[in-house]
Amino acid sequence: MKAYLNDGLVRLAEARVSIFDHGFLYGDGVYETMRVYDGVVFMLEEHLKRLSHSAAMILLDLPKTVDGLKSAIYDTLDANGFRDAYLRLAVTRGEGPIGLDPALCKRPTLVIYCDKLKPPPLSFKEQGMKLAIVNTKRNCKEALDPQIKSLNFLNNILAKAESLRAGADEGLMLNMEGHVAEGTTSNIFFVHGGALCTPASECGILKGITRDVVISIAGRLHMKLAEGKFTASQLLDASEAFVTSSIIEIMPVGKIGDARFKPGEVTKALMAEYAKEVQAYVKETKESGPSIWGAS
Ligand code: PMP
């Protein structure tokens with residue numbers, strides 16, 4: 001297997017980053033996780049747009065243009081021969097002396113890694129994932145804006161560890177005001193009072209790309225959407241709930257603490273439409289030729 005490191009492909013065993021890389025020293029960097037379907041990176045433009053935004057927010061110049069990153073992504077996929085894959089692209093501040101000044105690092109480090117997709121347990125789709133509302137609060141957006149998809153993931157790691165200790169698959173974080181925010185690597189949706197509800201971005205969440213796709217599908221299906229501030233008790237009172245991410249797509253929630261849910265009609269309708277959306281995207285991307293899907 002091969003990974004892309006800075007200027008080209010290297011064997012995985014030889015892909016090494018310096019102990020002075022500020023990504024390692026301080027979690028100083030940004031990343032994206034993408035899903036590949038039949039050789040096509042789903043929502044590639046949106047992921048690269050978010051990466052550029054994250055990089056700009058931390059005053060980091062990306063080491064390649066968007067087209068250069070696309071080529072590197074597809075080179076990595078081609079080198080590994082994966083059609084359905086998980087793909088992670090990270091850019092760190094780079095190697096430099098100890099110290100927090102971003103100017104200490106002259107050249108960012110680029111790493112692209114892909115692997116075969118491991119399907120989630122069947123029980124997730126059939127019975128739904130188990131969630132736990134954790135005590136760890138989503139870090140407040142005024143301190144570290146969750147729109148920066150940063151390598152500094154301790155907030156989420158602590159929340160995940162807490163959820164695992166509670167016997168759950170995913171931890172759900174509230175924000176400092178006590179409103180529902182998001183999962184450790186997912187956004188949350190639920191059906192309450194006849195509307196499809198999801199925390200608004202001012203709740204301090206990462207605006208997931210899958211979340212945006214779901215919101216646009218819900219619009220097409222004429223579902224009533226409520227983006228807002230919700231309490232945990234409103235969530236626990238929901239008739240159905242699901243979480244979203246690029247990797248798990250739309251995944252029904254079966255339990256939140258002691259509250260139980262069944263994958264309902266809204267969740268099923270959105271899952272079916274999401275699958276169609278992916279198919280259409282892959283078809284269109286392939287038809288529009290190699291320059292758009294990155295091989296140029
Ligand atoms: N929130 C957080 C904290 C995440 O890490 C992720 C996964 N990237 C998401 C939400 C879902 O985002 P997306 O749909 O873009 O994968």
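Remember, it's 1-based here, ligands and their atoms both numbered in the order they're listed.
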So which protein heavy atom does [atom] come closest to, and at what separation?
{"atom": "atom 12 (O) of ligand 1", "result": "Gly208 CA, 3.5 Å"}
{"atom": "atom 11 (C) of ligand 1", "result": "Asn187 OD1, 3.7 Å"}
{"atom": "atom 14 (O) of ligand 1", "result": "Thr210 OG1, 2.6 Å"}
{"atom": "atom 1 (N) of ligand 1", "result": "Glu182 OE1, 2.6 Å"}

Query raised in the report: Are more than 12 heavy atoms from other residues, nucleotides or ligands located less than 6.0 Å from atom NZ of Lys2?
Result: no
Query raised in the report: With a cut-off of 6.0 Å (strictly less than), are more than 12 heavy atoms of other residues, nucleotides or ligands near CE of Met176?
Result: no
**Report entry** Between CD on residue Glu46 and CE on residue Met34, distance to nearest 0.5 Å
**Finding:** 11.5 Å
Query raised in the report: What is the distance from atom CZ of Phe190 to atom CD1 of Ile256, rounded to the nearest 0.5 Å?
Result: 8.5 Å
Please report whether ligand 1 has a polar contact with [X], defined as an N or O pair separated by less than 3.5 Å (distance criterion only).
{"X": "Ser245", "value": "no"}
{"X": "Lys149", "value": "yes"}
{"X": "Ile209", "value": "yes"}
{"X": "Arg138", "value": "no"}

Report task. Would you sort out whether Glu227 and Lys207 count as a salt bridge (charged side-chain N to carboxylate O under 4.0 Å, His left out), showing the intermediate values? Result -> CA-CA 12 Å; Glu227 273 183 272; Lys207 276 182 80 195; over 6 Å; no
For [X], is the nearest heavy atom under 4.0 Å from an atom of ligand 1?
{"X": "Glu32", "answer": "no"}
{"X": "Ile247", "answer": "no"}
{"X": "Arg50", "answer": "yes"}

Query raised in the report: Relative to atom 4 (C) of ligand 1, which among Asn156, Thr185, Asp212 owns the nearest non-hydrogen atom?
Result: Thr185
Query raised in the report: Is ligand 1 under 4.0 Å from a heavy atom in the side chain of Pro146, in the backbone, in both, or in neither?
Result: neither
Requested in this report: For ligand 1, indicate whether the residue Phe153 contacts it via side chain, backbone, both or neither (heavy-atom separation under 4.0 Å).
Outcome: side chain
Requested in this report: Start with the C-alpha distance between Arg138 and Glu182, add both sets of side-chain angles, then the distance that settles salt bridge (charged side-chain N to carboxylate O under 4.0 Å, His left out), and finish with yes or no.
Outcome: CA-CA 8 Å; Arg138 186 64 172 122; Glu182 63 181 334; 2.7 Å; yes
Requested in this report: Tell me, with the steps shown, if Tyr281 and Tyr37 meet ring-ring contact (aromatic ring centres under 6.0 Å, His included).
Outcome: CA-CA 10 Å; Tyr281 182 96; Tyr37 298 88; 8.7 Å; no
Query raised in the report: For ligand 1, which atoms, with element, lie under 4.0 Å from some heavy atom of Thr184?
Result: 3 (C), 5 (O)
Query - Those atoms of ligand 1 less than 4.0 Å from some heavy atom in Ser246 - result: 13 (P), 14 (O), 15 (O), 16 (O)
**Report entry** Any donor-acceptor pair under 3.5 Å from Arg88 side chain to Thr33 backbone
**Finding:** no
Requested in this report: Using atom types as modelled and distance alone, determine if a side-chain donor or acceptor of Asp84 lies under 3.5 Å from a backbone N or O of Asp38.
Outcome: yes
**Report entry** Beyond-backbone contact of Val66 with Ser52, side-chain heavy atoms, under 4.5 angstrom
**Finding:** yes
